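Notes follow the structure.
The model shown is predicted, which means the values in this text are computed figures rather than measured ones. Below, chains carry the letters A, B, ... as their sequence lines are ordered, and counting in each starts from 1.
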Number of protein chains: 2
Amino acid sequence: MALRHALLAALLDGEYSGYQLAKAFDAGVANFWHALPQQLYLELSKLEKEGLVAGRRVVQEGRPAKRLFTVTGAGLAELERFALAPAKPSFIRDDLLVKVQAVDAVTAGAVIEQLRERARVAEAKIIVFGKLLRRMRGDRDEETFLRAGERIGPYLTCLRGRQFERETRAWCTRAVAVLRAREAASRQ
Amino acid sequence: MALRHALLAALLDGEYSGYQLAKAFDAGVANFWHALPQQLYLELSKLEKEGLVAGRRVVQEGRPAKRLFTVTGAGLAELERFALAPAKPSFIRDDLLVKVQAVDAVTAGAVIEQLRERARVAEAKIIVFGKLLRRMRGDRDEETFLRAGERIGPYLTCLRGRQFERETRAWCTRAVAVLRAREAASRQ
DNA sequence: CTGGTCATGTAACCCGTTACATGATTTC
DNA sequence: GAAATCATGTAACGGGTTACATGACCAG
């Protein structure tokens, strides 16, 4: 029941269509939640029925019509209630970690390749998050922006996202180095 | 379909009962996966039926009997297949991040308190992971252990877990500082 | 003319969570 | 005497993933 709150939180930044939200919630920029497009369209419909968001149909030329959503007063109240409720602890669930946990009992080569790939993905995300942060803070430095900026929520979550990806990259490269060294040693 | 692989990976370390696994997969030490006891008991039964793990009933005095599980040859083969398959990217799903994303539109006080609580939890996990790491490497230093240790998978995932919790703690305290400063400024 | 982007959905299935159930032993 | 620990499950529900479906426009 938290996807709806993630959607409401995302819509605080302005009007967005399901498609735009889907891009943000899919792999790419999802720095605070992840969901697939199908889920979003369904949840947006529900939210609209319940009056937590309001949809506005916008006809475009040369493109399909889209529906732009905004948070209503009731939506804001729902967010407030959510913020006050105790947060459930967040858990890790990662295929790659499971594979590393089992790396002593399986072919290390395959795991190494996937660690490399994950490091590449992390690298790309670090760059995207960096650009996002710069765009959000504009010409101000970070200190100033965090002290006086009007909307810092997305900035803080984006900082966390970047930090997470940096560590992911660091850990992956370290693990690759360790595993390769052991492979080389065992071959002799 | 990845919980089964997480279970198989956990059982590589030796024989464990559902109860012991539940403790590890619940909040506490779950450094590479998380699951509730009910899920584990169910999945262990399935794995046993499929011949991927073997259960052994152990009667105890003064305590209920327990079932200890070990990975079978077929279980190892299944792990190997899993390791070779492409890993799906891991995604963040965290209530607290959603609340921070929305912090400009809701009462900041409640979010601050939850950030503090999360920092405390992270602190506790950092200590637990530290102890685990020391126990795993014994009297060897980290370099030596990672070069020559017989089982390094759990060590690597534990390192990742500790790193993650350290950053969680750092980010939470930073966010609290920023939000408190803004609260103080707006009160004037 | 193939593939990518824009744009929105429905339906089936399965995994994960919540709730419920039991019972003995040890610790405070 | 209450609460925590040891020990293992069943059942219902709901959210998330996978698969399926449609259709117009634009770039190479």
Side-chain angles (χ1 to χ4, degrees), chain A residues 1-7 15-30 33-50 53 55-69 82 85-95 98, chain B residues 1-7 15-30 33-50 53 55-69 82 85-95 98:
Chain A
M1 214 47 167
L3 168 61
R4 60 189 320 129
H5 301 115
L7 269 171
E15 283 188 324
Y16 292 106
S17 68
Y19 187 78
Q20 286 175 293
L21 289 165
K23 269 195 301 181
F25 277 73
D26 201 34
V29 200
W33 200 265
H34 167 260
L36 298 169
Q38 301 95 307
Q39 238 185 313
L40 297 185
Y41 285 116
L42 196 67
E43 195 63 39
L44 283 169
S45 302
K46 285 186 196 168
L47 286 169
E48 198 184 15
K49 251 179 222 158
E50 296 172 38
V53 303
R56 181 167 76 84
R57 190 185 167 79
V58 175
V59 183
Q60 306 171 107
E61 44 179 332
R63 285 187 189 183
K66 60 182 173 183
R67 289 201 303 150
L68 295 177
F69 295 92
F82 172 67
K88 35 185 83 166
S90 81
F91 296 118
I92 296 176
R93 261 186 195 151
D94 189 341
D95 272 20
V98 175
Chain B
M1 214 51 170
L3 168 62
R4 59 189 323 126
H5 301 115
L7 270 171
E15 283 188 323
Y16 291 106
S17 68
Y19 187 78
Q20 287 175 293
L21 288 165
K23 270 195 302 182
F25 277 73
D26 200 34
V29 200
W33 200 264
H34 168 260
L36 298 169
Q38 301 93 309
Q39 237 185 313
L40 297 185
Y41 285 115
L42 195 69
E43 194 64 38
L44 283 169
S45 301
K46 284 186 198 168
L47 286 170
E48 198 183 15
K49 249 179 224 159
E50 296 173 37
V53 304
R56 180 167 77 85
R57 190 185 168 79
V58 175
V59 184
Q60 306 171 104
E61 42 181 333
R63 286 189 188 180
K66 61 183 175 182
R67 288 201 304 149
L68 295 177
F69 295 93
F82 171 68
K88 36 185 84 164
S90 79
F91 296 117
I92 296 176
R93 258 184 197 152
D94 189 341
D95 272 20
V98 174

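Distance, Arg67(B) CZ to dC6(D) C1': 16 Å, rounded to whole Å. Between Tyr16(A) atom OH and dT8(C) atom P there is a gap of 15 Å when expressed in whole angstrom units. One can place NZ of Lys66(A) at 15 Å from C1' of dA24(D), the figure rounded to the nearest angstrom. Following rounding to the nearest Å, Leu36(B) (CG) and dT18(C) (P) show an atom-to-atom distance of 7 Å. Atom CG of Leu40(B) is separated from atom P of dC6(D) by 16 Å (rounded to the nearest Å). What separates CD of Glu15(B) from P of dA7(D) is a distance of 14 Å, to the nearest Å. Going from atom CD of Glu43(B) over to atom C1' of dT10(D) covers 16 Å, rounded to whole Å. A straight line from CZ of Arg56(A) to P of dT8(C) spans 13 Å, rounded to a whole angstrom.
Residue-level contact check: Lys46(A) touches neither bases nor backbone, having no heavy atom under 4.0 Å from any strand. Using a 4.0 Å heavy-atom distance criterion, Arg4(B) is classed as making no nucleic acid contact.
Shortest non-hydrogen contact noted between Trp33(B) and Asp94(A) is CZ3-N, 3.3 Å. Between Ser45(A) and Arg67(A), the shortest heavy-atom contact is OG-NH2, 4.3 Å.
Across the interface with DNA chain D, nearest-nucleotide mapping of Lys88(B) and Tyr41(B) shows Tyr41(B) to be the residue nearer the 5′ end. Residues Leu3(A) and Leu42(B) each lie close to DNA chain D; by heavy-atom proximity, the contact nearer the 5' end of the strand is made by Leu42(B).
Side-chain atoms of Phe25(B) and Leu36(B), non-hydrogen and from C-beta on, never get closer than 4.5 Å to each other. Annotation: side chain of Leu44(B) is in contact with side chain of Leu21(B) (closest heavy-atom distance under 4.5 Å).
Contact check, Gln39(B) against dC15(C): no side-chain N or O comes under 4.0 Å of OP1 or OP2. Distances shorter than 4.0 Å separate some side-chain N or O of Arg93(A) from OP1 or OP2 on dT17(C). Between dT10(D) and Gln38(B), no contact under 4.0 Å exists linking OP1 or OP2 to a side-chain N or O.
For Glu50(B) (side chain) and Leu47(B) (main-chain N/O), no donor-acceptor pair under 3.5 Å exists by modelled atom type. Within the 3.5 Å criterion, the main-chain N or O of His34(B) finds a donor-acceptor partner in the side chain of Arg93(A). Judged by distance alone, with hydrogens and angles left aside, the side-chain atoms of Glu43(B) form no donor-acceptor pair with the main-chain N or O of Leu40(B) at under 3.5 Å.
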Under 3.5 Å, which N/O atoms of the protein pair with N/O atoms of nucleotides 2-6 of chain C?
residue: dC6(C); atom: OP2; partner: Tyr19(A); partner atom: OH; Å: 3.0

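The Met1(B) side chain lies nearest to dC15(C) when the options are dC15(C), dT8(C), dG16(D).
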